Amino acid sequence: MEDSKSKSLNFLEEIVQTDIAEGKYPQGIFTRFPPEPNGYLHIGHAKSICLNFGLAQKFGGKTNLRFDDTNPMTEETEYVESIKSDVAWLGFQWENELYASNYFEQIYQFAVELIRKGLAYVDDSSAEEIAALKGTPTTPGTNSPFRDRSLDENLALFASMRNGEFPDGAKVLRAKIDMAHPNMHMRDPLMYRIRHVPHHRTGNQWCIYPMYDFAHGQSDSMEGITHSICTLEFDVHRPLYDWFINKLEIFPSHQYEFARLNLSHTVMSKRKLLQMVNEKVVSGWDDPRMPTISALRRRGFTAASIRNFCERIGVAKRDNLIDISLLEFCIREDLNKIADRVMAVMDPVKLIITNYPEGQTEDLLIENNPEDLETGKRVVPFSRELYIEREDFMVEPPKKFFRLGPGLQVRLKGAYIISCEHFELNADGSVKEIHASYIPESKSGQDTSGIHVKGTIHWVSIPHAIQAEVRLFDRLLIVEDASELGDDFVKFINPESLQVIESAFVEPSLAQATVGEAMQFIRKGYYCLDRDSKPGHLVFNRTVTLKDTWAKEQKK
RNA sequence: UGACCUAUGGUGUAAUGGUAACACACCAGUUUUUGGUUCUGGUUUUCUAGGUUCGAAUCCUGGUAGGUCAACCA
């Protein structure tokens, strides 16, 4: 085998491999990604998606996309659409697009069957009463006064529930298990509740809806899901998952749990993400600072980089906090190979090449990507007056400063070596303009000057440059671990998570940029054109900075 | 004062009773017309106490620490 030396399997892959080796699933393995359509997908979901689809792909199985739409109060078609497009964008194809609501009739029949078996009963108690009789983790619960209704009465009452004869909350259907069970989920869990609420798919067809525990396992089973993977908090649900399947004597899907993804410097809970949207701390679900798939996409992350990230974080059962620098590494790794290099000056200062003829323009050819010469070259106009980055010039440069300063030389990327002659200051002491002379025989690609300079800086030609807005994004929170933070987590939002540069200057080739297209602004970072761009007003998002060892050096 | 899950460098993940490794991060150096990239090297690890064994990160027992569970949410 070509990859006999391949990496060791994760614990889920081992389970699948063992099951296959034992011939447990001759029909092949089946997984499913089961989101509730009540919000947008985030990078934590991406982990689950990669796990579910990846598991099936690796072992020749298939994966369904199933919407867990059993709560009509919270679910909307809008979310269904965004979830589908996110999963597809991530690069996965589902075998079937399914909905738990497809199974409402069958699930209802399952419930009737359990009533017939004496394993379910209709309870007239209120939510408060049920909670009161439930006990606590350390004290057993008490049987409901309605627990011993006759089979016929239960059947009739459940049918009436379905027929809409009772208002919301008047009755529920419960499994008859054990009110003293040490696992709270086994203390006669609710199976059905009454909700006179239209459903985004079934409309007014139903007024009773199955609970998660009586829908998820049953849906898995009906679809022949062999390996139903979910996050750790469902671990305590597994005995119930198995109990229903057992008593119903249906296809035995099995549930396995893994630890959810936690990312440093961000929040992941739907509640907190929603809070930021509602409090307008961010501009929306796809504000590029959000950890949602749609935000990452807008920010310039590639699907490949996210898949790669999910691969690298691995999967296990212990709580984890992944450093966001790994995500940043993954996107840099990908973009380094595929992003064309261009020049953009964020904080411009004027540079005049004193010995370059006024009015002259030179079309320089500069490689698009030194990592991939196949990408060819582009034309970049050069002239007497340029913008360079303010931080690339220092009036009193320290020893290890390889850029421009009085008497210093640098190369202008793809152009000439220049020598700084003098500079002028504004009234406030800031640099107004820099005067330098160029060395004609040092032209990039045909340099006969014999001069070697330590630094190369980027630039744009003033008469040719395009003014643009640039949005610099950085880590959302100033704290690593947000898990301990309450609603006041917004206090810890990084004030520099968004900085807008209204007037940056980019090279003219960027007039042709398309929304979402990834590019590297040389020496600055990876960027993409935002959808807010309009003709005459380009808006760029910074996906991630380049690694900056100089900045690190300076902090020392 | 319950049930269940978990414990390996700074962060993750491997090692499936036989030399604790890989990635990120960090630190050096190399390369470089991006202080990017590349390449090389380095620092840093088995929660604890017993037990089984020729041999334990791995198996057993106790302890400790963290997490999950008491929605008519999923």
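Just so it is clear: chains get the letters A, B, ... in the order the sequence lines come, proteins before strands, and each one is counted from 1. On a predicted model such as this, the values are computed, not experimentally measured, just so you know.
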Sugar-phosphate only, base, or nothing, as touched by A/M73 at under 4.0 Å among non-hydrogen atoms
nothing
Nearest heavy atoms of A/N154 and A/I115, plus distance in Å
CB-CG2, 3.5 Å
Summarise how protein sits on nucleotides 19-24 of chain B as a single string, 5' to 3': B when a protein heavy atom is under 4.0 Å from the base, S for sugar-phosphate-only contact, - for no contact.
----SS
Should A/W550 be counted as stacked on B/rG35, where stacking needs a ring-centre gap under 5.5 Å and an angle between planes under 30 degrees?
yes
Mind checking the C1' distance from B/rA49 to B/rG10? Whole angstroms is fine.
27 Å
Report yes or no: do A/D86 and A/Y40 form a side-chain donor-acceptor pair below 3.5 Å?
no
Distance between P atoms of B/rC39 and B/rA25 (Å, rounded)
13 Å
Would you say the ring centroid of A/Y416 lies under 6.0 angstrom from that of A/F382?
yes
Integer angstrom distance from the C1' of B/rG62 to that of B/rC72
43 Å
In terms of side-chain heavy atoms, does A/R411 have a donor or acceptor partner in A/H452 at a distance below 3.5 Å?
no
Decide if atom NZ of A/K317 counts as having more than 12 heavy atoms of other residues, nucleotides or ligands within a radius under 6.0 Å.
yes
Establish, yes or no, whether the cationic atom of A/R201 lies under 6.0 Å from the six-membered ring centre of A/Y99 and within 45° of the ring axis.
yes
Answer with yes or no whether the side chains of A/N369 and A/K337 bring together a donor and an acceptor at under 3.5 Å.
no
Taking for each residue the nucleotide of RNA chain B bearing the nearest heavy atom, is the 5' side occupied by A/P210 or by A/S444?
A/S444
Do A/S442 and A/D447 have side-chain N/O donor and acceptor atoms under 3.5 Å apart?
no
Taking atom P in both B/rU58 and B/rU1, compute the distance separating them and give it to the nearest angstrom.
33 Å
If I pick the C1' atom on B/rU40 and the same atom on B/rU31, what distance separates them, to the nearest angstrom?
11 Å
Polar atom pairs between nucleotides 26-29 of chain B and protein, under 3.5 Å, N or O only, would you list them?
from	atom 1	to	atom 2	distance (Å)
B/rC26	OP1	A/K552	NZ	2.6
B/rA28	OP1	A/K556	NZ	3.2

Considering only heavy side-chain atoms of A/A316, the closest of B/rG36, B/rA74, B/rU13 is B/rU13
On RNA chain B, nearest-nucleotide positions of A/L321 versus A/P35: which is more 5'?
A/L321
So what does A/V453 hit on the nucleic acid, given a heavy-atom distance under 4.0 Å: a base, only sugar-phosphate, or nothing?
nothing
Distance test, side-chain N/O of A/R332 to OP1/OP2 of B/rG36, below 4.0 Å:
no
Spacing between A/R403 atom CZ and B/rU34 atom C1', to the nearest angstrom:
10 Å
Is A/R523 side chain donor-acceptor paired with the B/rU34 base, going by distance under 3.5 Å alone?
no
Does A/R193 use its side chain to pair, donor to acceptor, with the backbone of A/P210 at less than 3.5 Å?
yes
NA contact type, A/Y416, heavy-atom cut-off 4.0 Å: base, sugar-phosphate, or nothing?
nothing
Kindly state whether the ring of A/F540 and the ring of A/F521 have centres lying under 6.0 angstrom apart.
yes
Centroid separation under 6.0 Å, is that true for the rings of A/W550 and A/F402?
no
Would you indicate what A/G141 reaches in the nucleic acid, counting non-hydrogen atoms under 4.0 angstrom: base, sugar-phosphate, or nothing?
nothing
Ring centers of A/Y108, A/F158 separated by less than 6.0 Å:
yes
Atom CD of A/E311 and atom P of B/rG12 are separated, to the nearest Å, by 18 Å
In whole Å, what separates the P atom of B/rG29 from that of B/rC47?
35 Å
A/F104 ring center within less than 6.0 Å of A/Y209 ring center
yes
Please measure how far the P atom in B/rU43 lies from the corresponding atom in B/rA28, and state the result in whole Å.
15 Å
Is there a donor in the side chain of A/S228 and an acceptor in the side chain of A/D220, or the other way round, less than 3.5 Å apart?
yes
The side chain of A/E36 lies closest to which of these nucleotides: B/rG36, B/rC73, B/rU6?
B/rC73
Heavy atoms under 4.0 Å is the rule here; annotate nucleotides 64-70 of chain B 5' to 3' with B where the base is hit, S where only the sugar-phosphate is, and - elsewhere.
---SSSB
Using only heavy-atom distances, determine whether the side chains of A/E223 and A/Y103 contain a donor-acceptor pair under 3.5 Å.
yes
note: A/D372, atom CG; B/rU37, atom P; distance rounded to Å ~ 17 Å
Establish, with yes or no, whether the OP1 or OP2 oxygen of B/rC73 is under 4.0 angstrom from a side-chain nitrogen or oxygen of A/R195.
yes
Rounded interatomic separation in angstrom, taking NZ from A/K400 and P from B/rG35:
15 Å
Stem segments of RNA chain B by first residue number [Watson-Crick or G-U, under 3.5 Å, at least 3]:
B:2-7 with B:64-69, B:10-13 with B:21-24, B:26-29 with B:39-42, B:47-51 with B:59-63
More than 12 foreign heavy atoms under 6.0 Å from CD of A/E441: is that the case here?
yes
Quick check: any donor-acceptor pair below 3.5 Å linking the side-chain of A/E371 to the base of B/rG36?
yes
Heavy atoms under 4.0 Å, any strand shown: does A/S483 hit a base, just sugar-phosphate, or nothing?
nothing
Salt bridge (Lys or Arg N to Asp or Glu O under 4.0 Å) pairs touching residues 35-47 of chain A, sequence neighbours excluded, are none
Out of B/rA74, B/rG12, B/rU37, which nucleotide sits closest to the side chain of A/I322?
B/rG12
Which atom of A/S461 lies closest to which atom of A/P381, heavy atoms considered:
CB-O, 3.3 Å
Ring centres under 6.0 angstrom apart (A/Y241, A/H237)
no
Measure from CD on A/E480 to C1' on B/rG12 and round the result to the nearest Å.
13 Å
A/Q520 CD to B/rU32 P, straight-line distance once rounded to whole Å:
19 Å
A/L190 side chain: which of B/rC72, B/rG35, B/rU34 is closest?
B/rC72
Under-3.5 Å N/O pairs linking protein and nucleotides 42-48 of chain B:
none

Rounded to the nearest Å, what distance is computed from the CD atom of residue A/E391 to the C1' atom of nucleotide B/rG35?
11 Å
Taking 4.0 Å as the cut-off, does a side-chain nitrogen or oxygen of A/T74 come that near to OP1 or OP2 on B/rA74?
no
What distance, rounded to whole Å, do you find between the two P atoms, one in B/rC22 and one in B/rU44?
15 Å
What nucleic acid atoms does A/R341 come within less than 4.0 Å of, heavy atoms only: base, sugar-phosphate, or nothing?
base
For A/R260, does the CZ atom sit with more than 12 other heavy atoms under 6.0 Å from it, leaving out its own atoms?
no
Base, sugar-phosphate, or nothing for A/G414, non-hydrogen atoms under 4.0 angstrom?
base
Between A/H265 (NE2) and B/rA25 (P), how many Å, whole number?
13 Å
